Structures are given as structure tokens and as C-alpha cells.
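What follows is a single structure, written as C-alpha cells, with notes after it.
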Amino acid sequence: MSITPLMPVYGRCEVRPVRGDHCHLISEDGKRYLDFAAGIAVNALGHSHAGLTGAIARQAQTLMHVSNLYGSPQGEHLAQRLVDLTFADTVFFGNSGAEAVECTIKVARAYHQHGGDPGRFELITFRNAFHGRTLGTISASNQEKLHSGFQPLLPGFRFVEFDNLDEARAAVGPQTAGFLIEPIQGEGGVRMASQEFIEGLRSLCDEHDLILAFDEVQCGVGRTGYLYAYEHYGIAPDVMASAKGLGGGFPIGACLATERAARGMTVGTHGSTYGGNPLGMAAAEAVLDVIADAAFLADVAAKGERLRGRLEQFIGNYPELFEEVRGMGLMIGLKFRHEPRDFVAHLRSNHGALTVSGSDNIVRIVPPLVIDDGHIDEFMDKLSAAAASYQPVEAVS
Ligand SMILES: *Cc1c(COP(=O)(O)O)cnc(C)c1O
């Protein structure tokens with residue numbers, strides 16, 4: 001037998017974390033890493049945050065899981081809190097980002113089917129989007145590498161250029177149910193949609209009675225210095241997927257919707273065995289206790305500015321290596337002139353700092369939101385040392 005017991009779907013690196021310590025990870029071999037990847041924008045409170053681990057421990061001892069056959073005081077409380085904090089009137093809880101996006105897709109389809117217009121089932125999505133790995137969410141992305149081996153895909157998606165309003169407008173037809181978009185593409189390369197584009201999509205949706213669905217799985221929950229990135233644009237979506245940072249490391253996803261958008265989501269139409277379990281609710285409450293706070297969010301924005309300023313100054317020393325710095329808050333993309341995977345490995349293995357690569361020659365810098373200036377200094381020191389000692393691997397012909 002040559003297949004590994006862990007299904008070999010990931011290209012795993014040599015780091016084997018066994019313990020977390022605030023903004024650092026400790027590997028099996030005792031090596032310490034500065035964690036500016038944060039489980040891909042998940043560990044918003046860092047590792048071993050006392051408020052979060054305490055809430056989980058207390059809830060685990062009290063009540064971990066019950067069926068959605070029963071009333072949910074824990075779910076009602078968290079849903080009410082999210083409703084109070086956002087555009088939404090109602091929330092469905094699941095366990096991951098992809099499930100949250102699946103629910104937004106179902107909300108958009110059900111909106112039209114419930115409204116007597118079943119021909120409107122197609123969501124317009126955007127090139128280089130990433131929405132998850134279920135069959136529905138890979139179908140919502142144009143990326144071939146996600147599709148290969150898994151055809152046929154789910155019908156009902158159409159891809160247009162990100163941030164191109166003319167293409168988006170031209171794609172609207174009698175089958176269109178709405179738009180599904182990451183306002184800031186994460187895996188696609190930390191690309192921000194422009195103000196005009198987002199406003200344009202909102203207008204198209206208003207004009208044609210379409211659903212504007214945001215995937216804020218990566219950019220939400222304080223990452224950009226806003227609780228959710230849509231606030232930056234001064235418009236509201238009709239439905240939105242949230243996950244990653246929402247549980248701070250505990251698996252939870254949420255689909256937030258307006259009452260109007262959720263008109264098709266009636267009793268029996270959707271569900272999840274684990275969705276809304278009391279343990280997940282307790283984790284998300286503890287995360288919101290820290291993040292849903294104006295002073296905390298302002299601090300995320302200020303730290304993001306400082307880190308970004310340092311990075312911008314730094315890349316000037318290595319114009320042959322780096323092209324630009326982009327992003328918002330603590331969702332930062334460092335764009336390389338070449339494929340950056342070797343550099344990410346060098347920074348990790350030889351200088352002890354963790355980052356994540358993305359499409360478009362981007363390295364994502366998505367640290368815990370609780371970093372302080374000492375962590376920014378440590379990161380810049382490691383990055384500078386890595387750039388100074390970096391020997392690009394010669395292309396083999
Ligand atoms: C990570 C991610 C997802 C998928 O989340 P999972 O929890 O892995 O299912 C969906 N959308 C975006 C924008 C993401 O970054």
C-alpha cells in the first residue's frame with residue numbers, strides 16, 4: 001500500500017505544529033514560528049487566547065451538541081447579535097466557509113423560485129474567485145485546478161472579469177439570479193473590488209431584482225479593520241457568507257441574509273446536523289466579544305497601516321523581487337515579480353515566519369488581529385533577513 005493514511009490531497013510543508021502560543025506556533029521538533037498566516041486568516045485571536053479557550057472549555061462541560069429539533073437559546077443569542085451588528089435580519093449557522101457559501105447560493109435560487117420566477121437560477125461570479133471545495137462552490141469558481149477530475153460541475157454559474165462592471169452588466173439576462181462576489185478576493189490574490197464596481201453591482205441588483213451575495217469568508221470578521229468589508233463600500237449585500245475568523249479556530253460558518261432575500265428559506269428547506277451547535281456558538285460569541293468593538297477594529301486598521309507602510313518602504317530595496325503591496329487592514333498581499341512559493345518556504349524554513357501564497361504571485365500576510373508592534377518588528381526583521389539571503393532557484397530548462 002503506498003497511499004498515506006491521511007488522504008494525500010495537500011502538499012504539506014515540513015512544519016508540524018503541536019502547540020500555539022499567542023502569535024507563534026511551536027512545531028513537533030520544538031522550532032518556533034511567527035504565525036502571520038493564522039490558519040489562513042482563521043486564528044483572529046491568535047492561539048491559546050484565554051477568552052476563547054475558556055468559553056469553549058466551559059461550554060464543552062455544559063452542553064456541546066443538540067439537534068436542531070430543539071430550541072436553541074445559544075443560536076438565537078448569537079444570531080441576534082449578528083443581526084444587530086450587520087445588514088442582516090436572519091442567520092443560518094453551518095460549520096465551514098463552503099457551507100456558508102452553499103447556503104448563500106441556495107438563498108439566491110430560492111428567492112426567485114419562491115417568488116415565482118424559477119428560470120432565474122444563474123449566479124454571475126468572478127474570475128479567480130475562491131468559494132470553497134464542495135461541488136457547488138467549485139462550480140461557482142472558474143479555476144480549472146479546482147474542477148479537474150470532478151466533472152460534471154453544477155450548472156447555473158457564469159464567470160465574468162473581476163472589477164469589470166461592463167462585463168457584469170452585459171452578463172445579466174433572463175436566467176440571472178444575482179451576483180456572488182468576494183469584495184476582496186483572498187486566494188485569488190488579495191484583490192479589492194473598486195468602489196464603483198461594488199456600487200454598480202448593487203444598482204444592477206436593485207434595477208433587475210437580483211440578489212447581491214458577498215463571500216466574506218476570508219475578508220470578514222474584523223480582518224480589514226471593519227467588522228465586515230461591505231461596510232467599507234457603504235452598501236449592503238442581500239446575503240453574505242462568513243466563516244474563517246468567526247470561530248477563531250473553532251469550525252463555524254454563517255449565512256447572513258435580509259428578510260426579503262431569505263423569503264424562500266422556510267421550514268424544512270435547509271439544515272445541518274452540527275450547524276449552530278452550542279460549542280460553536282460559544283466560540284463565536286467569545287470572538288465577537290473581542291472583535292465587535294470600535295476601538296479594537298480601529299486598532300486593526302492602524303496596525304494594518306503600519307505594517308503596510310513598513311512593507312512598502314521595504315520592497316523599494318528589492319525591486320527585482322517585489323512588485324507591490326496591496327490589501328486593507330490586516331489582509332495584505334505582497335506581490336512578487338515571480339512565483340513566490342520558494343520564497344515562502346525560505347522565509348518559513350530559514351527565518352521562522354509563516355505566510356501563505358495565493359494566485360497572481362501573491363504572498364498573503366494575514367496575521368492574528370491581536371498582533372502588537374513587537375510582532376510587526378519581528379516579522380519585518382525576518383522578512384528583511386529572508387530577502388537578503390534569498391537565492392532564487394534557477395529555472396531548469
Ligand atoms: C476559505 C474560503 C472559503 C471556504 O471555506 P472552508 O471553510 O474551507 O470551506 C470560501 N470562500 C472564501 C473567500 C474563502 O477564503
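In listed order, ligands and their atoms are each counted from 1. Being a predicted model, the structure only gives us computed values, none of them experimental.
Here the side chains of Phe126 and Phe179 are in contact, with some heavy-atom distance below 4.5 Å.
Taking the ring centroids of His270 and Phe92, they lie under the 6.0 Å cut-off.
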Which N or O atoms of ligand 1 sit under 3.5 Å from a protein N or O, and how far apart is each pair?
from: ligand 1; atom 1: 7 (O); to: Gly97; atom 2: N; distance (Å): 2.8
from: ligand 1; atom 1: 9 (O); to: Gly97; atom 2: N; distance (Å): 3.4
from: ligand 1; atom 1: 9 (O); to: Ala98; atom 2: N; distance (Å): 2.7
from: ligand 1; atom 1: 11 (N); to: Phe130; atom 2: O; distance (Å): 3.3
from: ligand 1; atom 1: 11 (N); to: Asp215; atom 2: OD1; distance (Å): 3.3
from: ligand 1; atom 1: 11 (N); to: Asp215; atom 2: OD2; distance (Å): 2.7
from: ligand 1; atom 1: 15 (O); to: Gln218; atom 2: NE2; distance (Å): 2.7
from: ligand 1; atom 1: 15 (O); to: Lys244; atom 2: NZ; distance (Å): 2.6

Could you list the donor-acceptor pairs under 3.5 angstrom formed between side-chain atoms of residues 245-260 and any protein atom two or more places apart in sequence or on another chain?
from: Thr258; atom 1: OG1; to: Ala261; atom 2: N; distance (Å): 3.0
from: Arg260; atom 1: NH2; to: Tyr111; atom 2: OH; distance (Å): 2.7
from: Arg260; atom 1: NH2; to: Asp209; atom 2: OD1; distance (Å): 2.8

(message) Show, in sequence, the C-alpha distance, side-chain angles and deciding distance for Arg326 and Asp360, and conclude whether the salt bridge (Lys or Arg N to Asp or Glu O under 4.0 Å) test is met.
(response) CA-CA 12 Å; Arg326 60 199 193 198; Asp360 196 27; 2.7 Å; yes
(request) Apply side-chain contact (heavy atoms from CB on, under 4.5 Å) to Tyr226 and His232, showing your working. (result) CA-CA 7 Å; Tyr226 295 88; His232 164 75; 3.5 Å; yes
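Asp215 and Thr104 share no side-chain donor-acceptor pair at under 3.5 Å.
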